Amino acid sequence: MTRGKSATTGGTGGTAGGTKGSTTVGTETSGSGDIVRTQQLLWDTGPRPSRGPKPGLTLERIVEAAIRVADAEGLHALSMRRVATELGTGTMSLYRYLPGKGELLDLMLDRVQRPSENPADLGDGGWRSALEAMGRATLALYRRHPWLLQVNQSRPVLGPSALDGMEKILSRIKSMGLTDPELISAVVAVDGYVVGAARTQLYAEEAEHRTGLTDTEFWQAQAPILEELMLSGRYPLLAGLSEDAFGSDFDHFEFGLQRMLDGLEVFVNRRRATAETAETAETAGAGVGGTEGAGADGA
């Protein structure tokens, strides 16, 4: 048994951005601002701001600057004042464009989750490849913007990116032949799995940043007592694990994603088989009924 990198964090490589600020402490909530005003800003249906003293300042630039701040320093560093500093303007000038931080956060969420315009990014056309591509893209999104894990999005304010993304994925998975609630549940299940995996990976990277210990140093510090315990006979199954059991070369994320899709595939195939059996029985019943009817007429 190898005391190496945690099995739950290996397999994807790379380092998450935004470790200057905490990626796990504190929670913001989507929809915490003025919901109606946020919708107007997302869909560009509200009143346009009067021209301010800063030439070239736009809502898009404000949102992009806010994302840069959150990516580099963490969500805890985000404020209207900090965004104004990033843009080189006064804080009050931002309020010409949006009411405050709550609405800004929802605009940031919609901006970073904008779906790709390339159809190939959702796989080869089948439902499985679409969910697979969605899972990988979502993991990449959280690694680019780890502050997303600090946001409670259980009640999102739905903007163009959210609805466009859902429309695209539904168009690819409709062929599963499931009910509408089941289709939504399939998307939710994959998304939930990815969020959990992303959180585990980012927790591990943040632990290294906060403690100053590398992963190798952390496990080496535990090695003496763990080796003693493995030789004690108290944990025969753990002691018998192969040297690569906890190695970082195994892609745990991909393994879990594929097994989840395998389960969905079994369910889809079972549902199709049930439907085909019912259709065959219905056809056979109609044929028998028609024959009996014809015999009665002849008599």
Side-chain angles (χ1 to χ4, degrees), residues 8 11-12 27 29-31 35 38-39 42-43 106 109-143 145 148-202 251-286:
T8 55
T12 56
T27 300
T29 302
S30 174
I35 296 174
T38 300
Q39 285 182 314
L42 285 167
W43 294 98
D106 284 317
L109 292 172
D110 193 72
R111 177 63 183 83
V112 299
Q113 297 180 74
R114 186 175 294 173
S116 170
E117 295 298 324
N118 183 0
D121 288 341
L122 266 184
D124 61 11
W127 68 262
R128 177 167 180 143
S129 65
L131 288 175
E132 185 176 353
M134 185 195 81
R136 291 174 183 154
T138 302
L139 180 66
L141 175 68
Y142 280 114
R143 295 188 68 79
H145 308 290
L148 284 170
L149 293 171
Q150 288 180 263
V151 184
N152 179 347
Q153 297 187 62
S154 61
R155 297 195 305 181
V157 181
L158 299 176
S161 294
L163 295 186
D164 288 350
M166 184 58 78
E167 183 73 15
K168 288 176 187 289
I169 192 65
L170 286 176
S171 71
R172 293 298 187 92
I173 68 172
K174 192 71 175 173
S175 61
M176 294 174 80
L178 305 181
T179 65
D180 290 346
E182 289 169 344
L183 286 175
I184 297 300
S185 188
V187 174
V188 170
V190 173
D191 185 71
Y193 167 73
V194 175
V195 170
R199 193 181 302 278
T200 299
Q201 292 176 12
L202 292 171
D251 193 334
H252 294 276
F253 170 78
E254 192 65 28
F255 179 83
L257 178 62
Q258 294 303 327
R259 299 300 73 76
M260 174 173 282
L261 296 176
D262 286 346
L264 284 172
E265 190 163 0
V266 169
F267 181 68
V268 167
N269 291 339
R270 184 188 302 153
R271 175 64 58 80
R272 286 176 179 166
T274 300
E276 289 170 0
T277 300
E279 184 178 348
T280 300
E282 184 178 344
T283 301

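The structure presented is a predicted model; accordingly, all values stated were derived computationally and were not measured. Numbering of residues begins at 1 and proceeds along the displayed sequence.
Contact of the Thr200 side chain with the His252 side chain is not registered, since no non-hydrogen atoms from C-beta on lie closer than 4.5 Å. The shortest side-chain heavy-atom distance between Leu257 and Met134 does not fall under the 4.5 Å cut-off. Looking at Met166 and Val187, their side chains come closer than 4.5 Å, going by heavy atoms from C-beta outward. Looking at heavy atoms from C-beta onward, Ile169 lies in side-chain contact with Ile173 at the 4.5 angstrom threshold. Between Val194 and Arg136 the shortest side-chain heavy-atom distance does not fall below 4.5 Å. Using a 4.5 Å heavy-atom cutoff, the side chains of Gln153 and Leu148 are in contact. Side-chain contact between Glu265 and Met260 is absent, with no heavy atoms from C-beta onward closer than 4.5 Å.
Donor-acceptor pairing under 3.5 Å is recorded for the side chains of Ser154 and Asn152.
We find the CZ-CG distance between Arg259 and Leu264 to be 12.0 Å, quoted to the nearest 0.5 Å. Here CG of Leu183 is found 6.5 Å from CG of Leu170. Values are rounded to the nearest 0.5 Å. Distance CG/Leu158 to CD/Gln39: 8.0 Å, rounded to 0.5 Å. The structure places CG of Leu131 at 11.0 Å from CZ of Arg172, a figure rounded to the nearest 0.5 Å. Separation of atoms CG (Leu109) and NE2 (His145) is listed at 10.5 Å; rounding is to 0.5 Å. With rounding to the nearest 0.5 angstrom, the CG atom of Asp110 is 11.0 Å from the OG1 atom of Thr38.
Of the possible polar contacts, none joining the Tyr142 side chain to the Ala197 backbone as a donor-acceptor pair under 3.5 Å is found. At least one donor-acceptor pair closer than 3.5 Å links the side chain of Asp106 to the backbone N or O of Gly31. The closest donor-acceptor contact from the side chain of Glu167 to the backbone of Leu163 lies at 3.5 Å or more, if one exists at all. Looking only at distances, a side-chain donor or acceptor of Ser129 sits under 3.5 Å from a matching main-chain atom of Asp124. Looking at Asp121, its side chain never comes within 3.5 Å of a backbone N or O of Gly123 through a donor-acceptor pair.
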Q: Verify side-chain contact (heavy atoms from CB on, under 4.5 Å) between Thr27 and Gln150, making sure each step is shown before the conclusion.
A: CA-CA 5 Å; Thr27 300; Gln150 288 180 263; 5.8 Å; no
Q.
Using side-chain contact (heavy atoms from CB on, under 4.5 Å), reason through Asp164 and Gln113 one step at a time and then give a plain yes or no.
A. CA-CA 10 Å; Asp164 288 350; Gln113 297 180 74; over 6 Å; no
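A pairwise comparison of heavy atoms in Phe253 and Tyr193 identifies O-OH, 2.7 Å as the closest pair. The heavy-atom pair separating Phe267 from Leu178 by the smallest distance is CE2-CD2, 3.6 Å. Among all heavy-atom pairs drawn from Leu261 and Trp127, the shortest one is O-CH2, 4.0 Å. Listed here is the closest heavy atom pair of Pro156 and Ser30: CA-OG, 3.4 Å. The two residues Pro115 and Gly165 come nearest to each other via the heavy atoms CG-N, 3.8 Å.
Atom CD1 of Ile35 is surrounded by 12 or fewer heavy atoms from other residues, nucleotides or ligands within 6.0 Å.
Applying the side chain to side chain donor-acceptor pair (under 3.5 Å) test to every pair with at least one member in residues 269-278, sequence neighbours left out, gives these pairs: Glu182-Arg271.
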